[in-house]
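Lettering of chains follows the sequences in order, A, B, ..., and the numbering in each one begins at 1.
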Amino acid sequence: MKFEEPAGQNLFDRAKIVGKSTPRIDGPLKVSGRAPYAYERHDVAPNQAYGWIVGSAIAKGRITAMNLADARRAPGVLGIVAATEHKPVGTSRFNHAPLFGGTEIAHYHQAIAVVVAETFEQARAAAGLIRTEYADGEGSFDLAKVAPGAPLASEKLPDYNRLGDFQAAFASAPVTVDQRYTTPDEAHAMMEPFATIAAWEGDALTIWTSNQMVAWSKRALASILGMPADKIRVDSPYVGGGFGGKLFIRADAVMAALAAKAVNRPVKLAMQRPLMFNNSTHRPATIQRVRLGAGRDGRITAIAHENWSGNITGEDGENATLQTPKLYTGANRLLENRTAQLDLPEGNAMRAPGEAPGHMALEVAMDELAEALGMDPVELRIVNDAKGNLPGEPEMKISDRNLERCLRTGAERFGWSARKAAPAQMREGRKLVGLGVAAGYRAAPTQKSAARVSLGADGTIAVETDMTDIGTGSYTIIAQTAAEAMGVPLNRVRVDLGDSLSPVSAGSGGQWGAASSTAGVYAACVNLRRMIGEKLGFDGDAATFANGHATLGEQSHALSDAGALSATGEMEFGAFQKEYDIGTYAAHFAEVAVDAYTGETSIRRMLSVCDAGRIINPLSARSQVIGAMVMAAGATLTEDLHVDKRFGYFANHDLASYEVPVHADIPSQECIFLDTLDPMISPLKAKGVGELGICGPGAAIANAVYNATGIRMRDYPLTLDKYLDRLPAIA
Amino acid sequence: MQDKGIFNLSRRGMLAGSAASVAVSQGTIASAQASQASSSPPARMAVNLTVNGKPHRLELDTRMTLLDTLREHLQLTGSKKGCDHGQCGACTVMVNGERVNSCLSLAVMHEGDEVTTIEGLGSPDDLHPMQAAFVKHDGYQCGYCTPGQICSAVATLEEIRKGIPSHVTEILTGRMRPTNMEMRERMSGNICRCGAYSNIVDAMTDVARG
């Protein structure tokens, strides 16, 4: 099925299940500990042995010797696959850092061996007996040092990166802001480690793993291991968090596969938590310069966003400029994105890559501009909202954009009018109180997506697709879609996800999963309805499917009358979508309290108002948004991978020293979804929200800290050491 | 790079090995460690545990954590391994009614103990009130930290009921209340990277009110 024109009125506009808050259908399994994650699948292959990954102790250079003899003799050891004894595995088009093999070391904690033993304890103990010697190489680890000479990123900027004459317009603007902001390297730090059970049957490999993109990973693993993709099965039904970190095949899958081959037994392994931060990918640090020039009326005439980040050769950096041309007007524009070469671990996608740190700079600069203008920050954003058209993209139509409504609704609900424009004016006892706002934009892409929908002889519906649920709620929205389309109650629908034997879906990434995968399920349902119609002698397209029956005119059949049937379907998204800027929009608000004596910052309230079309399941969509707000809070206040610039690695590589938010940091949060529909996105008119939620809340918090204290910090995270000595005098 | 190699070895050696090796010099750690580990089989011990009401007599490698005993030996995989270092709380279970990080506890230390895991609190068809409240309030996303959160939540409410004070308890003499901050403080050893905190506290508030 092809989505070739804007969606008209359809069954989802009369929906009884889609659009209703629905507790997750996988919930009872998750809360009772019965949902099986990758490492836990004792049942899938007999006689599983345990693997332990050894990571490189240097960041750059080569291995000169590995003494494996003692480890091989250790009790319980079944085998060792070591880098010195194995040629480098291949790469895939999805990532560049070497995953294993050979003596060259490209980054710290690169996998250099896997030890396989009868038990976990034996594998761990034996791994400690491996003696590795290295020849240290020179590496480049300091972004600030190499940024000035960094070339433009290979990733091409759109041709609207330059408009008018920025320099002249900025020079003549009556009110300007010119500031530099930095964001640190960040870790996904998902709760479930990378984990895989691998088993070979002849030349065929199955991995039970934890991965967001099953079809990508099947292809990538084939290229990495040099084997045909059709000999690989990837199964990933439950994913304990990904945030972009599990978009790709990682060392766990490669090492488990090689180890299982070597010992001729299924092997299970999980990457040890202390290895995860340097072995895998991270969000690269950025240096950003934002220049805004405006008239006294607040209208932006000149806008420049320059970005520097670093990555290994062949990879793009973190392009923080992405949202800037989409949010605001400004006839004169300059965007520039540069990527320096670094020898840190590979930087790659983390939730809203580019936009998440981009908003942390742009939306603080907007706060600074509002202050310079003496204008309310909400009004400033509304005045410059690029709602009519996007400067530099005259042919582009905007599908459905309600940013102004987000801002106005949020201001009213949050009690924005109580904010004092001058900073450090709101005091409650020993607390300095401040409010902050930020706007948010994230694109709403789609990817083709397929599913198989089956009717059981008992009238139940089963959906199979390789779509993943990474906590996003895919199980439930897919069940809702199938229930709605087939006219059965939700509890009559079973959903099986994450198996590469099922039809290929869009997968979970880029905020495209919900829109794309539900459209694919709908396509399969349409085919199944036709098939049922053919079987029972009516036009499946014209019939109404409700209450377990298909009805057309006088004719009505129970679905079970059709017997068991199965249909696949795929939704492809037509070229017409390219004529539209299809985005999601938000207004984020935060209230913070800063202790006037100790400087401790605590978040008191957070609100996000989101415009993302139809919300298929408001309960789980809200969770995605508030969860993203939490991640934004971490990025703003605590999260910081500290680069050891001498030895070239992230020094704080565990969950004690890489500080993500905990319960005590996060107050009650609110999320409001505007009641909007976007007919350009899919038949369900629904867009994703998982990344929108992290685009902006961090800046809102930073702006609130400024409003509370009068201290403007531009180097994230806003830790106490950066402002304790600048707190207002205690009266 | 010789130096770093030795450092690396001794660090790993420490992880793997016995306390006796700590006293000797770096150079000898490696060989002492190597010969010991490669020649003698790992020590095993019997331990009697009651897990979710069911008694078990297990013969275990003394290095095996309570968490791995549950997950690998008894195949109760509801308790999760997020970090194996006591930093994330995903492995939280109840031992004799009190919550512990089961990854930081060796199984053989638990002779005679009663362990309750997430599987013991309830099943999909018969959920514990806290489990049901998590479903109702969407107190999770990916679900990986969830069993630990639920075990911690149940224990937290019990700690408050017993009047055990925390860092944020405002009045130590009166009756302790399950306030928002009191619950959040006590739950802060359980990380949820999906960020379901606000919903988890809503679920706990529901259960606390009964």
Side-chain angles (χ1 to χ4, degrees), chain A residues 23-24 27-37 40 42 57-58 70 73-75 119-122 124-125 127-129 131-136 189-192 238-241 270 272-273 470-472 619-620 623 626-631 654-656 660-664 666 668-669, chain B residues 1-2 4-5 8-9 12-13 15-17 30 33-34 37-38 41-42 61 63-64 68 71-72 75 77-79 81-85 87-88 90 117-119 122-124 127 131 134-136 138 140-147 150 180 184-185 187-188 191 193-199:
Chain A
R24 290 169 201 251
L29 288 178
K30 283 182 172 173
V31 299
S32 64
R34 267 74 165 191
Y37 295 81
E40 300 163 359
H42 291 283
I58 65 166
D70 289 336
R73 279 198 302 270
T119 72
F120 174 75
E121 294 74 23
Q122 290 168 338
R124 180 179 59 193
L129 302 175
R131 270 163 290 177
T132 307
E133 287 170 27
Y134 304 92
D136 229 346
M190 68 298 268
M191 298 308 297
E192 183 203 18
Y238 290 94
V239 180
Q272 305 90 280
R273 177 63 63 177
I470 61 174
T472 39
L619 182 65
S620 57
S623 292
I626 67 167
M629 289 153 76
V630 170
M631 202 174 268
D654 62 27
L655 288 172
V660 303
V662 298
H663 277 275
I666 302 300
S668 186
Q669 297 170 310
Chain B
M1 263 331 292
Q2 188 73 16
K4 254 197 229 170
N8 187 42
L9 176 67
R12 292 184 190 288
L15 272 177
Q33 195 77 51
S38 55
D61 187 320
R63 300 168 296 186
M64 196 171 208
D68 281 329
R71 281 169 63 83
E72 306 306 320
Q75 301 198 1
T77 54
S79 308
K81 188 185 280 191
C83 69
D84 220 11
H85 286 64
Q87 299 169 344
C88 77
T117 71
I118 191 71
E119 291 93 341
S123 61
L127 296 177
Q131 292 171 322
F134 268 60
V135 174
K136 178 183 162 197
D138 215 41
Y140 49 45
Q141 287 193 57
C142 79
Y144 199 75
C145 75
T146 309
I150 291 172
N180 178 284
R184 282 164 55 196
E185 167 65 21
M187 291 295 291
S188 287
I191 295 174
R193 185 56 162 162
C194 297
Y197 296 130
S198 176
N199 289 349

For B/I150, is it the side chain, the backbone, both or neither that has a heavy atom under 4.5 Å from a heavy atom of chain A?
side chain
Max heavy-atom pairs within cutoff under 4.5 Å with chain B, candidates A/G627, A/S32, A/P28, A/G27, goes to A/S32
Closest heavy-atom pair and its distance - B/I191, A/M191:
O-CE, 3.4 Å
Please report the interatomic distance CD(A/Q272) to SG(B/C83), rounded to the nearest 0.5 Å.
12.5 Å
Can you confirm whether A/D654 sits close enough to B/H85 that some side-chain heavy atom of one is under 4.5 Å from a side-chain heavy atom of the other?
no
When every non-hydrogen atom of B/R63 is compared with those of A/R124, the smallest separation belongs to O-NH2, 3.8 Å
A/V662 portion near chain B, given a 4.5 angstrom heavy-atom threshold:
both
Residue selection (most heavy-atom pairs with chain B, distance under 4.5 Å) from A/M631, A/Q122, A/M629
A/M631
Does the side chain of A/F120 come within less than 4.5 Å of B/K81's, by heavy atoms?
yes
Check: A/I666 main-chain N/O paired with B/R184 side-chain donor or acceptor under 3.5 Å:
yes
Report yes if the side chains of B/R193 and A/P661 come closer than 4.5 Å at any heavy-atom pair, otherwise no.
yes
Between the main-chain N or O of B/V135 and the side-chain N or O of A/K30, is there a donor-acceptor pair closer than 3.5 Å?
no
Checking B/N199 against A/S623: is there a side-chain donor and acceptor pair closer than 3.5 Å?
yes
Under 4.5 Å from any heavy atom of chain B, what part of A/I470 do you find: side chain, backbone, both or neither?
backbone
Identify the two heavy atoms, one from B/Y144 and one from A/Y37, that lie closest to each other, and give their separation to 0.1 Å.
N-OH, 3.6 Å
Side chain, backbone, both or neither: which part of A/A656 has a heavy atom under 4.5 Å from chain B?
both
Looking only at heavy atoms, the pair that brings B/Q131 and A/V31 closest together is NE2-O, 2.9 Å
For B/S123, which atoms come within 4.5 Å of any heavy atom of chain A: side chain, backbone, both, or neither?
both
Could you check if a side-chain atom of A/R34 sits within less than 4.5 angstrom of a side-chain atom of B/E119, using non-hydrogen atoms only?
yes
Just so I understand: if I count every heavy-atom pair under 4.5 Å between each of A/G241, A/S668, A/A189 and chain B, which residue has the most?
A/A189
Output the option from B/K136, B/M64, B/E72 having the highest count of non-hydrogen pairs under 4.5 Å with chain A.
B/E72
Out of B/G78, B/P124, B/S79, B/A90, return the one with the most heavy atom pairs under 4.5 angstrom to chain A.
B/P124
Please round to the nearest 0.5 Å and tell me the distance separating atom OH of B/Y197 and atom CD of A/Q669.
10.5 Å
From SG (B/C142) to CD (A/E192), nearest 0.5 Å
7.5 Å
B/C194, B/C145, B/P147: which one forms the most heavy-atom pairs within less than 4.5 Å of chain A?
B/C194
Which heavy atom of A/G33 sits nearest to which heavy atom of B/I118, and what is that distance?
CA-CG2, 3.8 Å
I'd like to know if the side chain of A/R24 reaches the main chain of B/D138, judged simply by a donor and an acceptor atom lying under 3.5 Å from each other, with no hydrogens or angles considered.
no
